[in-house]
Amino acid sequence: MSNNVRVRFAPSPTGPLHIGGVRTALFNYLFAKKHKGSFILRIEDTDQNRYVEGAEQYLVDALNWCNIPYDEGPEKDGGFGPYRQSERKEIYAQYAEQLIASGNAYYAFDSAETLDFHRKDHEEKGKTFIYNWHNREKLSNSLSLSKAEVEKKLANSEEYVIRFKSPKDETLHLTDIIRGEITIDTNILDDKVLFKSDGMPTYHLANIVDDHLMEISHVIRGEEWLPSLALHFQLYQAFGWESPQFAHLPLILKPTGKGKLSKRDGDKLGFPVFPLEWKDPKTAEISRGYKEDGYFPEAMINFLAFLGWNPGTEQEIFNLNELINAFELERVHKAGARFDPEKIKWFNHHYMQEQNDLALAKAFQQLKPELSAIDLEYIATVVALVKERATFVNGLWDLSHYFFEAPPSYDEKAAKKAFKEGTKDLLLQLVSVIQPIEDFMVENLQTQIKGWITENNIGFGQVMMPLRLSLVGALQGPDVFDIMFMIGKTESIKRIEKTINLL
RNA sequence: GGCCCCAUCGUCUAGCCUGGCCCAGGACGCAGCCCUCUCAAGGCUGAAACACGGGUUCGAAUCCCGUUGGGGCUACCA
């Protein structure tokens, strides 16, 4: 492929960007970068009724957080702007008129009520109402009405829409990069509305006009658009434009059950469906986001890339550059992919290990007010000690609180296991072993304590278990000697003595 | 209902185009073992799939047809 690859991500600002939308954006981005092309963000806000305040800003913020930058878009003109369809309003009408002039479209005056009536009427009879060659002669439009009548209606500025005149008895052979050839019989196609009575184009018209004007080379979008492909293809033909290549991505399905992934699933199963937290401007309802839940963007991107695509090798960990290099549309799957909240956690755990300890410490400190006064270096060392057990920054506290404060209690089960009859005596002896250690370093602690245990033929676990429990409050965590070194001699002894007093 | 798309372990998937190397490989999750003062991590091992039925062929997960199942669309929404 040459280097004039231009792709676009064209969401409509009707709410927060869904995780499936993120994947669509990602695949577009990967494809563009792989071919040294441009990735364009276009805002498809032709539906004034569904416009949601803040949705566009959310989109930009989400893409930024995901590290999927666009080359052109609103506030980032690349010579093909504007990039909001509402700002391109004047452009579309002339193209609709052009289609009428060439006989590919017509005016329709039917009211919403009339259409509604026909649909219901057909449904009752077990049929489907399709506005096309089949019945357009019986409806109110510039094909059924006389020229004079049409002109009169237009002159009276009666409300009208412009519909595409879908041909009869044609077989369309469409090509999709992912799916191969798709065959469609035009007889079952309906005369889609291209231009609405409110003066705005529908998605179909605006989409084709903009893709053409913006010189889009590949349209990579979700599978929900596959049924519209025939219309879009015919539109390009009607305009006499060269059509871009199409690739329809498989949908992301619910983890369990039927249907595609929805916000509800996230709420029910306890995982986010949106990249960033979103507060609904109307209901004030808050939807959680991957960012706020402690996911790293690298983890989300890596996971999302593997939903419907894979490189064909056994490598699974890919950074963005590696993804760009390896990505091929031809390797995208056809079938829908279930979203697996467990696997994205695994990716997050992986990327957590790759994070810089100091950076993690900062994030950890910001999250926990208890840590505000604590030295960042100390927190970073603690993080280094416990992070292999952590999947999220917000899980760090549970894994490391005993580095910052004495354990508030002892785990009951562990206490039963660790505290035996001779424990008190052993701990008293242990204190006398620790007390004289001048240089309170890990190696010294290790040799002194282990030496004392072996010399006196004491069971290792008999000392280590209650020791750990005294320090940590539970039988978990990193090396005991590391913990002692970190909290220091005084605190170590203090915690052991607390246990002694308790026994 | 109609139309279009799809179908390999529970899940993500390799293999399918160019049939034999596949009694089907990897990963997540699950189980066990090892490591070990503990919990993790890590290492090793295991259970786990070609939806079904017909063809074609010496031979089919791979090609064809049908059935079943799943998904999407069916708005003056995108």
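All chains are named by letter (A, B, ...) in the order of the sequence lines, taking the proteins before the strands, and each is independently numbered beginning at 1. Since the structure is predicted, the reported quantities are computational estimates derived from the model, not experimental observations.
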With sugar-phosphate meaning primed atoms plus P, OP1 and OP2, does G222(A) contact a base, only sugar-phosphate, or nothing at under 4.0 Å between heavy atoms? nothing
Using the C1' atom in both, what is the distance from rC52(B) to rG72(B), to the nearest Å? 24 Å
On a whole-Å scale, what distance lies between the C1' atoms belonging to rU8(B) and rG15(B)? 9 Å
From rG26(B), rA27(B), rC12(B), nucleotide with atom closest to A337(A) side chain: rC12(B)
For rC5(B), does the base pair up with any side-chain atom of R179(A) as donor and acceptor (N or O, under 3.5 Å, distance only)? no
Under 4.0 Å between any heavy atoms, over every strand shown, what does K127(A) touch: base, sugar-phosphate, or nothing? Just pick one. nothing
Can you find an N or O donor on one side and an acceptor on the other, under 3.5 Å apart, linking the side chain of D185(A) with the base of rC3(B)? no
rG15(B), rC28(B), rC4(B): which one has an atom nearest the side-chain heavy atoms of K343(A)? rC28(B)
Which nucleotide in the list rC5(B), rG26(B), rA78(B) gets nearest to the side chain of E314(A)? rG26(B)
Among rC39(B), rC4(B), rA14(B), the one nearest R331(A) by side-chain distance: rA14(B)
Can you identify which nucleotide, out of rG25(B), rC12(B), rA78(B), has its nearest atom closest to the T46(A) side chain? rA78(B)
If we check salt bridge (charged side-chain N to carboxylate O under 4.0 Å, His left out) with E223(A), which of these qualifies: R23(A), R179(A), K260(A)? R179(A)
Of the nucleotides rC6(B), rA78(B), rC37(B), which has the atom closest to the K334(A) side chain? rC6(B)
Between F419(A) and Y410(A), ring centroids under 6.0 Å: yes
Nearest to the side chain of P227(A) - rG72(B), rA78(B), rU13(B)? rG72(B)
hbond_proxy T202(A) side chain to rC76(B) base (donor-acceptor, 3.5 Å cutoff): no
rA7(B), rC37(B), rC12(B): which one has an atom nearest the side-chain heavy atoms of R338(A)? rC12(B)
Against the side chain of L226(A), the closest entry in rC5(B), rA75(B), rC37(B) is rC5(B)
So what does V480(A) touch, heavy atoms closer than 4.0 Å: a base, only the sugar-phosphate, or nothing? base
Sugar-phosphate only, base, or nothing, as touched by D479(A) at under 4.0 Å among non-hydrogen atoms: base
Indicate, with a heavy-atom threshold strictly under 4.0 Å, whether K260(A) touches base, sugar-phosphate, or nothing. sugar-phosphate
Regarding R338(A) and D340(A), does a basic nitrogen lie under 4.0 Å from an acidic carboxylate oxygen? no
Across the strands shown, which category fits G259(A) at heavy-atom distances under 4.0 angstrom: base, sugar-phosphate, nothing? sugar-phosphate
Under 4.0 angstrom, heavy atoms only, what part of the nucleic acid is H333(A) near: base, sugar-phosphate, or nothing? sugar-phosphate
Looking only at rU74(B), rC3(B), rA78(B), the nucleotide nearest the S228(A) side chain is rA78(B)
